[in-house]
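Below you'll find the structure, written out as structure tokens, and then a few comments.
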Amino acid sequence: MILSNSTKTHHLWRLTFSQQYRTLPFNKHEAEPRHRKKGHKTSSRNRYDAPFVNHVKEARDPGEALTLFHEYLQRGFKPDYPSYAALLYKLARCQDFGAVEEVLRNVEDNNVHCQETIFIALFHHYGKAQLVQKAVDLFNRMTRFNCVRTKQSLNGLLNVLVDNGWFLEANELFDRGYEMGFRLNSVAFNVMIKGWLEKGEWEQANKVFEEMLERRVEPSVVTYNSFIGYLCRNGELDKAKDLLEDMIKKGKRPNAITFALLMEGSCLIGEHDEAKKMMFDMEYRGCKPTVVNFGVLMSDLGKRGKIEEAKSVLHEMKKRHMKPDVVAYNILINYLCKESRAADAYEVLFEMQVGGCEANAATYRMLVDGFCGAGDFEGGLKVLNAMLTSGHFPRVETFRFMVVGLLKSGNLDGACFVLEEMEKRQMTFCPEDWEALVMESCRGDENGSVGEHVNELVLTMEA
DNA sequence: TTACAAACCT
């Protein structure tokens, strides 16, 4: 425990802290008057039927979710599939895979009938954490959960294998799919094609494409987009445009993503106006531009230091009654932070929440890092608090940077808050980090007061 | 938070 003798005051402090900095209460739900909420048909029903699910969703960290689960079990609660699924989603999203395993064993023991979707989500999270073997094992174990395994989960696992470079295993699984009697669809082929193209293996990707045709699996717009994207990334815009005409001839309608890829390709070779023109061109061809297309333009402007113009593209979207999404706002926030304009970036966060768009992990990471990079650790702390409240957390480096910065500016309470949040997520500094932390904090610390605090922290963290 | 292409953060 950190500073156990002052835990009580610490919690008090956090309460006032949260109230002080909950500056963004503009969620649709919170803004809605109470009497109208009552009449809302789904929310009140769900709340009544599934208290555990709602509790779990509100849990701030995996530890809290798990404690809740055990409390419910002790009270004789028999979890059903939605309860297990909510818990597993929470734990997996926080990357607490030890807890995931524990809950899975519990699911197995209780013979709960499971849906395939939860396993697909777990594969995804295992894959993101590079725990590929865990995903494979779970795929093999799936049938023990009274779960029907279809090509959906095969595709999900295949994607994990390919994204992590396990091509041999991916090929094996591909063949196994046929042995299992699945009629593989275009998604499986698209996953393989994507993998080869990411490795720069155009020939291999084409082989898969040939096999696709041989097996009479119809290529989809995604298939073409993969190839078009590859050509665009490699500066071969002309060939990409040829492929566009090719797909149209074959009766495959390009979509907004097809054109977004071509727009990016244009920007890459310096033809910025061409990208803009392509927006009109696509509309002429009966394909309405979407937020993705506007996003490409914004990114291009941001890269070239034209932030104000990027901002006006965002407003152009609003004028056209398009709702900019989180990525559109993120593009702006990213470039503002890079120009050390964290305060302006914070304004954009405010604007997006007013516009009913929820910030994601990337939004918060950029902002916290933006404030800290500008030396404004109080500002960073303010965003960190909103970040944690919404269930996201920053990188370890950011945490470390914040602790040092807060200590330096004499904000011991803030530093403790950050350390405690880390502890809750089982994030800890490695010895080298501690050393760096101590060294950093002692620099320019004339009367040794900061060093004293750090020593205290080291001792309490190690305990 | 039912797989694949895609603009943002690692």
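It should be emphasised that the depicted structure is a prediction, and the values quoted were computed from it without experimental measurement. Residue numbering restarts at 1 for every chain, and letters A, B, ... go by the order of the sequence lines.
- DNA chain B lies under 4.0 Å from at least one heavy atom of each of the following residues of residues 264-289 of chain A: Glu264(A).
- Near DNA chain B, meaning a heavy atom under 4.0 Å away, the residues from residues 180-191 of chain A are Asn185(A), Val187(A), Asn190(A), Val191(A).
- Ring geometry for Tyr346(A) versus Phe371(A): interplanar angle over 60°, hence perpendicular rather than tilted (30 to 60°).
- With a heavy-atom cut-off of 4.0 Å to chain A, the contacted part of DNA chain B has its first and last nucleotide at dT1(B) to dT10(B).
- Near DNA chain B, meaning a heavy atom under 4.0 Å away, the residues from residues 256-263 of chain A are Ile257(A), Leu261(A).
- Among residues two or more places apart in sequence or in another chain, the salt bridge (Lys or Arg N to Asp or Glu O under 4.0 Å) test is passed with Glu211(A) by Arg215(A).
- Under the ring pair (Phe, Tyr, Trp, His ring centres under 6.0 Å) criterion, Phe77(A) pairs with Phe52(A), Tyr72(A), not counting sequence neighbours.
- In this view, Tyr329(A) satisfies the ring pair (Phe, Tyr, Trp, His ring centres under 6.0 Å) rule with no residue, not counting sequence neighbours.
- Residue pairs meeting the ring-ring contact (aromatic ring centres under 6.0 Å, His included) criterion with at least one partner in residues 220-274 of chain A, sequence neighbours excluded, are Trp202(A)-Phe227(A), Trp202(A)-Tyr230(A), Phe209(A)-Phe227(A).
- Under the rule for a ring pair (Phe, Tyr, Trp, His ring centres under 6.0 Å), the partners of Phe377(A) that lie at least two apart in sequence or sit in another chain are Phe401(A).
- Every residue was checked against the side chain to side chain donor-acceptor pair (under 3.5 Å) condition with Asn171(A), not counting sequence neighbours, and none meets it.
- The heavy-atom pair separating Ile307(A) from Glu339(A) by the smallest distance is CD1-CG, 3.4 Å.
- Sorted by first and then second residue, the salt bridge (charged side-chain N to carboxylate O under 4.0 Å, His left out) pairs involving residues 347-357 of chain A (not counting sequence neighbours) are Lys318(A)-Glu351(A).
- Heavy-atom distances under 4.0 Å link DNA chain B to Val222(A), Asn225(A), Ser226(A), Arg233(A) of residues 210-243 of chain A, given in residue order.
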